[in-house]
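Encoded as structure tokens, the structure appears first; notes follow it.
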Amino acid sequence: MDYVAQFRREVEAFEGAARVASREVGDDGVALVPSCPDWSVADLVFHLGAVHRYVIHVIGEGMTDRPNDNDFAFLSLPGDRAGWPDPRLAPNRGLLPAGLLDWFHEGASRLASLFAQHDPAERVWSWSDEQSVGFWRRMQAIEAAVHRWDIEHALGAAQPVDRQLAADAVSHTFEVMAPARRARQNAPAGQGERLRFRQSDGFGLWVVQMDPEGVLLNEGTGCCDVELTATASELMLFLWRRIPSDGLEVRGDAALLERYFKLVPPL
């Protein structure tokens with residue numbers, strides 16, 4: 001998959017929606033983002049822009065060790081930040097300053113260029129077991145798609161995620177995100193629960209077994225306790241806690257879908 005092209009497409013759509021939001025400010029200020037509790041559109045723009053700058057810092061400096069968490073110089077913030085959202089005061093519902101959107105644009109463009117210039121096999125630090133530029137390409141294409149959906153949803157015009165990227169994001173959820181979440185949150189041990197996720201607009205099929213030692217993908221034997229069938233975009237958005245299972249095709253123990261989120265808590 002061309003993650004660089006996917007990343008460019010998603011951040012361009014995100015920025016376009018953010019600029020629409022900057023012109024559609026209600027009496028209470030800029031819109032809140034229902035799928036990101038306690039954030040406004042301004043907070044979301046700052047968040048994703050900061051993530052981009054962080055990854056630029058890692059790849060641009062060729063870092064193989066974790067960056068200093070107390071040094072925020074990598075953000076390259078302008079001196080005049082009047083009206084910018086303060087992460088400590090979220091949700092920030094003031095106007096979306098043009099400078100914030102320009103800062104976002106610059107960072108997203110720089111990161112896309114870095115992705116294109118560097119070999120995906122190049123070793124750099126990441127929070128995952130996969131220590132490579134390729135990890136960040138995949139992760140940031142997926143994160144951009146999720147947050148593009150978030151901001152469009154806040155404006156009432158959310159478009160589905162590209163089918164190929166969404167299907168890959170489902171795999172990424174079980175291969176990378178679920179183990180990381182369980183490790184960081186000291187989640188309760190699974191008891192062999194088996195969940196099947198079936199793609200209705202393609203041939204994707206994921207069987208997930210929640211074992212005491214971790215998350216097994218497409219391993220083990222036996223019947224599944226619950227099956228969720230939906231489009232790749234819907235499966236991805238469900239697993240990223242953006243949409244409920246209501247309205248999707250569920251067979252078996254529906255309560256197990258909610259238990260999954262206890263076994264795989266958010267980061």
Side-chain angles (χ1 to χ4, degrees), residues 1 3 6 10 33-37 128-130 135 138-150 152-153 156-267:
M1 182 183 300
Y3 290 115
Q6 293 278 11
E10 292 294 351
V33 181
S35 50
C36 295
S128 167
D129 290 340
E130 183 183 351
F135 166 81
R138 185 189 195 192
M139 182 71 244
Q140 288 311 300
I142 293 170
E143 184 165 2
V146 171
H147 288 322
R148 186 271 304 162
W149 185 92
D150 286 329
E152 289 181 349
H153 179 59
Q159 297 300 307
V161 177
D162 173 84
R163 183 176 63 175
Q164 185 182 13
L165 180 61
D168 186 64
V170 174
S171 297
H172 178 83
T173 297
F174 302 127
E175 293 165 353
V176 178
M177 303 302 293
R181 289 173 175 174
R182 287 183 54 77
R184 293 188 192 186
Q185 299 296 329
N186 193 26
Q191 300 300 319
E193 300 91 339
R194 288 173 58 82
L195 305 90
R196 182 162 52 221
F197 297 88
R198 186 184 298 274
Q199 181 185 353
S200 62
D201 58 346
F203 301 100
L205 185 66
W206 299 265
V207 177
V208 181
Q209 183 163 312
M210 308 302 296
D211 272 14
E213 62 271 22
V215 180
L216 303 180
L217 176 60
N218 297 328
E219 296 183 24
T221 59
C223 297
C224 290
D225 301 297
V226 64
E227 178 177 281
L228 176 64
T229 301
T231 67
S233 179
E234 290 168 335
L235 291 175
M236 170 190 178
L237 293 169
F238 169 76
L239 290 166
W240 282 72
R241 298 172 177 256
R242 265 46 187 190
I243 62 172
S245 61
D246 299 348
L248 305 180
E249 183 181 341
V250 180
R251 296 183 179 180
D253 184 5
L256 182 54
L257 291 173
E258 292 307 313
R259 175 164 165 74
Y260 167 83
F261 290 117
K262 295 180 180 178
L263 295 170
V264 184
L267 289 175

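Just so you know, these numbers use all the heavy atoms, side chains as well, and skip hydrogens, waters and symmetry mates.
- The line from CZ of Arg259 to CD of Gln191 is 7.0 Å long, rounded to the nearest 0.5 Å.
- When side chains are defined from C-beta on, Arg182 counts as touching Val215, because their heavy atoms get closer than 4.5 Å.
- Using a 4.5 Å cut-off on side-chain heavy atoms (C-beta onward), Glu10 and Trp149 make no contact.
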**Message:** For Val146 and Arg242: C-alpha separation, side-chain torsions, deciding distance, then whether side-chain contact (heavy atoms from CB on, under 4.5 Å) applies.
**Reply:** CA-CA 9 Å; Val146 171; Arg242 265 46 187 190; 3.5 Å; yes
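- Considering OG1 of Thr173 and CG of Leu235, their distance stands at 10.0 Å, rounded to 0.5 Å.
- Under the 4.5 Å side-chain criterion, counting only non-hydrogen atoms from C-beta, Leu228 is not in contact with Arg196.
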**Prompt:** Stepwise, does the side chain to side chain donor-acceptor pair (under 3.5 Å) test hold for Gln164 with Asp162?
**Reply:** CA-CA 6 Å; Gln164 185 182 13; Asp162 173 84; over 6 Å; no
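- With hydrogens and angles disregarded, a donor-acceptor distance shorter than 3.5 Å links the side chain of Ser200 to the backbone of Ala230.
- Put simply, the side chain of Asp211 never gets that close to the backbone of Glu213: no donor and acceptor are under 3.5 Å apart.
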**Request:** Before giving the answer on salt bridge (Lys or Arg N to Asp or Glu O under 4.0 Å), spell out for Arg148 and Glu152 the whole-Å C-alpha distance, their side-chain angles and the decisive distance to 0.1 Å.
**Result:** CA-CA 6 Å; Arg148 186 271 304 162; Glu152 289 181 349; 2.8 Å; yes
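- Aromatic rings from Phe238 and Tyr260 are positioned such that their centres are separated by 6.0 Å or more.
- With Trp240 as the aromatic partner, Arg181 meets the cation-pi criteria of under 6.0 angstrom to the ring centre and within 45 degrees of the ring axis.
- Shortest non-hydrogen contact noted between Ala145 and Leu165 is CB-CD2, 3.8 Å.
- Distance CZ/Arg163 to CE/Met236: 15.0 Å, rounded to 0.5 Å.
- Taking all atoms of both residues into account, the shortest heavy-atom contact from Ala178 to Val264 is CA-CG1, 3.6 Å.
- Distance alone, capped at 3.5 Å, places no donor-acceptor pair between the Arg138 side chain and the Ala169 backbone.
- You'll find the side chain of Leu216 stays beyond 4.5 Å of the side chain of Phe174, heavy atoms only.
- Cys223 and Arg194 get closest at one heavy-atom pair: O-NE, 3.4 Å.
- Put simply, CG on Leu248 and OG1 on Thr229 are 9.5 Å apart, with the number rounded to the nearest 0.5 Å.
- The minimum heavy-atom distance between Ala232 and Ala167, with the atom names listed, is CB-N, 3.8 Å.
- Without hydrogens or angle criteria, Arg241 side chain to Phe261 main chain gives a donor-acceptor distance under 3.5 Å.
- His153 and Asp150 are not linked by any side-chain donor-acceptor pair at a separation below 3.5 angstrom, with hydrogens and angles left out of the test.
- Here CD of Glu175 is found 7.5 Å from CG of Asp168. Values are rounded to the nearest 0.5 Å.
- Looking only at distances, a side-chain donor or acceptor of Asn218 sits under 3.5 Å from a matching main-chain atom of Val207.
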**Request:** Take Gln140 and Ile142 through the side-chain contact (heavy atoms from CB on, under 4.5 Å) test and state the conclusion after the steps.
**Result:** CA-CA 5 Å; Gln140 288 311 300; Ile142 293 170; over 6 Å; no
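- Here the side chains of Phe197 and Leu195 are in contact, with some heavy-atom distance below 4.5 Å.
- Side-chain N/O atoms of Asp201 and Thr231 include no donor and acceptor closer than 3.5 Å.
- Here the closest heavy-atom approach between residue Leu263 and residue Pro188 is recorded as CD2-O, 3.6 Å.
- Atom CZ of Arg198 sits about 4.5 Å away from atom CD of Glu227, to the nearest 0.5 Å.
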**Request:** Start with the C-alpha distance between Met177 and Met139, add both sets of side-chain angles, then the distance that settles side-chain contact (heavy atoms from CB on, under 4.5 Å), and finish with yes or no.
**Result:** CA-CA 10 Å; Met177 303 302 293; Met139 182 71 244; 4.1 Å; yes
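- His147 is not listed as a side-chain neighbour of Ser35, based on a closest heavy-atom distance of 4.5 Å or more.
- Residues Glu234 and Ile243 meet the side-chain proximity criterion, which asks for heavy atoms closer than 4.5 Å.
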